[in-house]
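For reference, the structure is listed below as structure tokens.
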Amino acid sequence: VARRAAGSIDMRAALAAMHWSFGEEEKAEEYWEWACTRINSGVLREGGPAIDGCRLYKDMDWLARIRRWPPSMVRKMDDFLNLRKGSEL
């Protein structure tokens, strides 16, 4: 997935959450850092603001309603962002 969708913030954020849930903290931080600093999502409309690659992924409601992540992945992301050890379910 990282090769085919190298510029996907969604994919890298999800991988960060997954690796965190597996106890692979370093790998999780690596994917998160990539999504936050190396992917430039740019400006969606002329004169509009540049989008912060990670800001929206810190909003669990947005992940669930807009991105339509499954509840288990939303929990994993919340655990990751709050540095909690969660379940792998």
Side-chain angles (χ1 to χ4, degrees):
V1 174
R3 275 194 336 233
R4 290 189 153 200
S8 171
I9 295 171
D10 205 54
M11 181 273 305
R12 291 191 183 270
L15 283 171
M18 288 297 298
H19 282 290
W20 182 263
S21 75
F22 295 144
E24 300 170 352
E25 292 89 357
E26 188 173 317
K27 196 75 165 170
E29 293 292 346
E30 192 177 299
Y31 278 112
W32 185 248
E33 187 271 335
W34 187 278
C36 294
T37 61
R38 296 186 186 184
I39 297 174
N40 179 6
S41 53
V43 178
L44 297 179
R45 61 181 159 64
E46 188 174 336
I51 294 175
D52 173 354
C54 292
R55 185 179 57 81
L56 291 172
Y57 287 87
K58 296 175 183 177
D59 180 345
M60 298 306 108
D61 181 60
W62 180 82
L63 279 178
R65 286 186 321 101
I66 306 302
R67 296 305 305 151
R68 296 184 180 183
W69 279 24
S72 63
M73 285 301 297
V74 173
R75 280 191 303 275
K76 286 176 183 7
M77 180 57 80
D78 193 47
D79 288 343
F80 170 67
L81 293 172
N82 289 293
L83 304 176
R84 287 190 306 256
K85 299 296 178 192
S87 70
E88 294 182 19
L89 299 176

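The side chain to side chain contact (heavy atoms under 4.5 Å, CB included) search around Pro71 returns Arg75, not counting sequence neighbours. Qualifying side chain to side chain donor-acceptor pair (under 3.5 Å) partners for Glu24, counting only residues two or more places apart in sequence or in other chains: His19. With sequence neighbours left out, Asp59 forms a side chain to side chain contact (heavy atoms under 4.5 Å, CB included) with Asp61, Trp62.
The distance from the CH2 atom of Trp20 to the CG atom of Asp79 is 9.0 Å, given to the nearest 0.5 Å. In this structure, the separation between CD on Glu26 and OH on Tyr31 is 12.5 Å, given to the nearest 0.5 Å. To the nearest 0.5 angstrom, Phe80 atom CZ is 9.5 Å from Lys58 atom NZ. Between atom CD1 of residue Ile9 and atom SG of residue Cys36 there is a gap of 8.5 Å, rounded to the nearest 0.5 Å. Remark: Ser21 OG to Met73 CE distance equals 7.5 Å, nearest 0.5 Å. Summarising the geometry, atom CZ belonging to Arg84 is positioned 4.5 Å from atom CG belonging to Asp78; distances are rounded to the nearest 0.5 Å.
Across Ala35 and Arg12, no two heavy atoms sit closer than the pair CB-CB, 4.0 Å. Closest approach of Trp32 to Ala16, counting heavy atoms only: N-CB, 3.9 Å. Among all heavy-atom pairs drawn from Asp10 and Trp69, the shortest one is OD1-NE1, 3.0 Å.
Between Arg67 and Leu56, the closest side-chain pair of non-hydrogen atoms is not below 4.5 Å.
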